[in-house]
Amino acid sequence: MKLSKTTAQNSFEYKWLLSRIYPYIRPVMGRVILGFLVALPVGMLDGVVAFSLKPYMDYVIGKHDLVFNLLGHDFIIPYAALAAAIPFGVVFFAVVQGVLRYLNSYLTDWTSQKITNAVKISLFSKLICMDSTFFDENPSGIIISRYLNDPDTASKGIVEKIKTALTSLFGALSLICVMLYSSWKLAIVGVAVLLVAFLPVALIRKKVKSTSNQNMVVGGNITTNFNETYSGNKVMTAYCLQERQREHFIKQVHKSFDITISLTKRAGWMSPIMYFIASIGIAIVLFYGTNLIMAGEMTGGSFASFVTSLLLLYKPVKTLGTTLTSIQTIFVAMGRVFELFDIEPQIKNRENPVELKDLEQSIRFNNVSFSYNHEKTVLHNIDFEIYKGETVAIVGNSGGGKSTLVNLVPRFYDVTDGSITIDGLDIRDISMESLRKNIAMVFQDNFLFTGTIRDNILMGNPEATEEELQCAIESAHLEDMLADLEDGMNTELGERGTTLSGGQRQRVAIARAMVRKSPIVILDEATSALDNKSEAIVQKALDNLIRNKTVFVIAHRLSTIQNAHRIAVINEGHLIEFGTHDELMNIAGGQYKMLYEMQFRHQEVLT
């Protein structure tokens with residue numbers, strides 16, 4: 001599945017999305033609820049200043065004592081006392097609100113990060129189980145963007161934005177209550193106007209979805225460009241491709257800019273329209289409020305309190321509108337995240353798979369055909385058998401399907417037609433873990449992970465003993481290399497093991513394969529990228545690795561091919577010859593004989 005083509009179809013299915021994210025929220029639900037409870041008074045305290053203006057204007061400025069009845073008793077609060085108490089009360093509530101805001105911010109960040117981490121861990125667990133086809137179809141930048149950035153947007157923002165919406169909502173409600181307390185007639189006018197001002201938010205949500213999808217795709221392409229620039233820096237420098245990469249990057253950045261601005265142009269008019277509608281409401285309130293004061297239905301303090309509430313109400317309403325727009329972006333990201341969860345790898349275990357303990361007899365290719373994505377067929381009716389303890393060398397033209405053939409054995413890909421069997425058992429009926437534990441692979445360009453040399457060797461078998469580790473090091477001819485390193489096996493490797501030479505990386509990879517102690521070994525042109533001196537050392541290590549094993553070897557070295565028990569000649573995806581070196585050399589006009597004469601004869605002369 002190509003991730004760049006996903007469109008978050010379920011981004012408007014809010015109930016479904018929340019039901020999918022809930023399992024990640026549930027473990028921190030206690031703190032989420034506590035955060036919501038803290039968020040309520042944070043919003044409600046917005047009305048304190050507006051509420052205090054009524055008694056301050058009516059009693060303090062008007063120099064009237066406050067008289068009220070409570071439980072049948074009359075109480076009097078002198079206006080002088082109110083003059084002192086109200087300002088201190090405002091400061092006190094501001095301090096309380098500040099403390100609550102801090103608690104709210106802390107709880108929001110804590111819960112958001114926990115939820116995000118849980119989603120990322122689940123997604124990464126899903127990613128590492130994806131098959132080779134998935135990684136073939138999707139650039140690294142798109143994968144990084146989808147598996148790292150989308151979860152941040154989706155899960156980290158959801159709690160924060162809901163709390164912001166909740167705070168703004170209760171802030172608005174508290175101010176509306178103050179307005180109703182001051183004058184229910186004016187409150188009806190003010191609230192009606194604000195509801196009209198809120199309508200543009202609903203009109204932009206589809207545009208948010210489209211723009212968010214486009215921007216996330218472009219963001220992934222930009223990340224891919226960075227990865228390619230980093231990984232291909234030598235090719236870029238050698239071929240003076242800096243300007244090409246720069247222009248490519250500029251186009252992507254400009255495209256991201258255009259997409260973002262297209263949303264800004266549509267979303268940007270929301271604020272002035274809301275402000276314009278709100279200003280009309282304020283004008284109506286001022287006109288109507290003046291008439292109510294003149295008619296004696298409203299005091300000046302009530303009017304001041306009402307107008308202040310109305311002005312303060314604009315901020316939470318605007319914040320609420322902006323937050324709801326942001327929440328739509330979050331739901332788009334959430335839809336994209338759960339699309340990732342719903343992607344199923346093409347290569348997976350069948351129900352109740354068989355555990356493979358060892359290779360007892362043979363591996364057989366039964367009329368195997370294969371095509372990538374069911375398009376052009378790469379392998380055609382491959383049929384041969386390799387017996388336990390045999391080495392089969394696979395030779396042929398470049399791009400003819402040699403690597404594809406051996407990649408089918410550990411099920412990096414599944415055959416399109418036919419079957420591969422181990423001891424008569426279809427490998428698709430074997431659990432993938434047990435199948436791959438019985439196979440050790442050494443590639444042309446072996447990947448070493450960040451960590452120590454010891455760590456990378458033990459990846460072949462984390463349970464290997466120190467004796468087994470030392471044996472693998474000796475067999476892989478690593479002692480001299482390790483002796484030259486200050487920290488020996490505990491030397492930290494750079495990314496991809498670039499601090500080592502090609503031959504050294506190959507020997508570490510061979511040691512990793514050795515500690516695995518697998519009965520089946522696959523060598524995919526393991527020495528083709530090395531110089532003669534490095535190749536000689538690595539070949540000795542490989543000879544130790546394949547001793548008494550069942551081996552598939554894609555080789556270009558004459559001695560390796562001649563020493564193989566049998567040779568499979570693959571040309572354009574067809575098995576055209578299969579036999580020993582001598583048998584194939586006796587075929588007049590044979591493909592192997594011609595290949596030998598063209599490519600291998602000079603090696604024989606040199607040796």
Side-chain angles (χ1 to χ4, degrees), residues 125 128-132 345-368 370 382-394 403-415 418-443 446 455-473 475-476 509-524 526 541-554 564-566 568:
S125 300
I128 58 179
C129 293
M130 298 308 293
D131 49 58
S132 298
Q346 297 177 24
I347 313 294
K348 54 186 177 181
N349 283 329
R350 289 178 174 174
E351 191 174 351
N352 300 318
V354 178
E355 295 295 314
L356 180 66
K357 301 298 183 182
D358 200 354
L359 173 64
E360 299 293 342
Q361 297 173 359
S362 67
I363 302 169
R364 177 163 184 77
F365 285 72
N366 301 289
N367 295 313
V368 168
F370 175 77
I382 303 294
D383 194 279
F384 70 90
E385 189 169 12
I386 174 173
Y387 296 99
K388 181 178 180 178
E390 271 196 326
T391 295
V392 169
I394 303 171
S403 293
T404 300
L405 180 69
V406 297
N407 284 338
L408 295 176
V409 179
R411 289 191 70 194
F412 291 166
Y413 307 92
D414 266 345
V415 300
S419 65
I420 300 174
T421 59
I422 295 180
D423 297 337
L425 188 65
D426 192 320
I427 62 173
R428 289 169 292 190
D429 294 324
I430 300 171
S431 76
M432 290 190 293
E433 185 177 5
S434 69
L435 172 67
R436 291 165 184 171
K437 279 185 176 180
N438 281 276
I439 300 172
M441 298 191 71
V442 181
F443 303 94
N446 283 282
D455 293 336
N456 273 276
I457 295 174
L458 289 177
M459 286 174 187
N461 179 13
E463 298 177 359
T465 64
E466 193 65 26
E467 183 181 349
E468 289 170 336
L469 178 62
Q470 290 299 329
C471 181
I473 289 171
S475 297
I510 291 168
R512 180 166 62 194
M514 282 178 171
V515 297
R516 197 164 184 81
K517 292 190 172 181
S518 301
I520 304 167
V521 175
I522 297 175
L523 307 178
D524 189 353
L542 288 173
D543 291 341
N544 292 330
L545 171 64
I546 65 177
R547 190 175 295 124
N548 301 321
K549 301 290 176 65
T550 305
V551 184
F552 294 89
V553 53
I554 300 174
H565 294 90
R566 285 180 293 172

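This one's a predicted model, so the numbers in the text were calculated from it and none came from an experiment. Note that the numbering runs from 1 along the sequence shown for the chain.
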With side-chain contact (heavy atoms from CB on, under 4.5 Å) as the test, would you mind laying out the steps for Asn456 and Met459 before giving the verdict?
CA-CA 5 Å; Asn456 273 276; Met459 286 174 187; 4.0 Å; yes

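- Contacts of Asp455 classified as side chain to side chain donor-acceptor pair (under 3.5 Å), with partners at least two apart in sequence or in another chain: Thr452.
- Formation of a donor-acceptor pair under 3.5 Å by the Ser518 side chain with backbone atoms of Lys437 is found in this model.
- Here the NZ-CD1 distance, from Lys388 to Ile520, works out to 10.5 Å after rounding to the nearest 0.5 Å.
- Annotation: Gln470, atom CD; neighbour count of heavy atoms from other residues, nucleotides and ligands within 6.0 Å is above 12.
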Give the intermediate values and the outcome of side-chain contact (heavy atoms from CB on, under 4.5 Å) for residues Met432 and Ile347.
CA-CA 9 Å; Met432 290 190 293; Ile347 313 294; 3.6 Å; yes

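- Between the side chain of Asp426 and the backbone N or O of Thr421 there is no donor-acceptor pair closer than 3.5 Å.
- In this structure, Ile510 and Ala476 approach most closely via the heavy-atom pair CG2-CB, 4.2 Å.
- You'll find the side chain of Ile382 stays beyond 4.5 Å of the side chain of Asn367, heavy atoms only.
- At a threshold of 4.5 Å between non-hydrogen side-chain atoms, the residues Phe552 and Val521 do not count as touching.
- Between atom CD1 of residue Ile386 and atom CD1 of residue Ile422 there is a gap of 10.5 Å, rounded to the nearest 0.5 Å.
- Of the possible polar contacts, none joining the Ser431 side chain to the Pro353 backbone as a donor-acceptor pair under 3.5 Å is found.
- The line from CD1 of Ile457 to CD of Glu468 is 13.0 Å long, rounded to the nearest 0.5 Å.
- At distances below 3.5 Å, not a single donor-acceptor pair connects side-chain atoms of Arg566 with backbone N or O atoms of Val392.
- The CG atom of Leu425 sits 12.5 Å away from atom CD1 of Ile420, with the distance rounded to the nearest 0.5 Å.
- Residue pairs meeting the side chain to side chain donor-acceptor pair (under 3.5 Å) criterion with at least one member in residues 405-414, sequence neighbours excluded, are Asp136-Tyr413, Arg411-Asp414.
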Apply side-chain contact (heavy atoms from CB on, under 4.5 Å) to residues Lys517 and Asn461 and explain how you reach the verdict.
CA-CA 8 Å; Lys517 292 190 172 181; Asn461 179 13; 5.7 Å; no

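- At a cut-off of 3.5 Å, with distance as the only test, a side-chain donor of Ser403 or Asp524 sits close to an acceptor on the other residue.
- Taken to the nearest 0.5 Å, the CD1 atom of Ile427 stands 12.5 Å off from the CG atom of Asp423.
- Here the closest heavy-atom approach between residue Met514 and residue Asn544 is recorded as CE-CB, 3.6 Å.
- Atom-to-atom distance recorded for Thr391:OG1 and Lys549:NZ is 11.0 Å, nearest 0.5 angstrom.
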Side-chain donor-acceptor pairs under 3.5 Å in residues 356-365, sequence neighbours left out?
{"residue": "Ser362", "atom": "OG", "partner": "Glu385", "partner atom": "OE2", "Å": "2.5"}
{"residue": "Arg364", "atom": "NE", "partner": "Asn366", "partner atom": "OD1", "Å": "2.9"}
{"residue": "Arg364", "atom": "NH2", "partner": "Asp383", "partner atom": "OD1", "Å": "2.7"}

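- Among all heavy-atom pairs drawn from Glu355 and Ser434, the shortest one is OE1-CB, 3.3 Å.
- Of all the heavy atoms in Phe412 and Arg436, the pair that sits closest is N-NH2, 4.3 Å.
- Between Ile554 and Leu523 the shortest side-chain heavy-atom distance does not fall below 4.5 Å.
- A pairwise comparison of heavy atoms in Met441 and Pro410 identifies SD-CG, 3.8 Å as the closest pair.
- Val442 and Ala513 get closest at one heavy-atom pair: CG2-CB, 4.0 Å.
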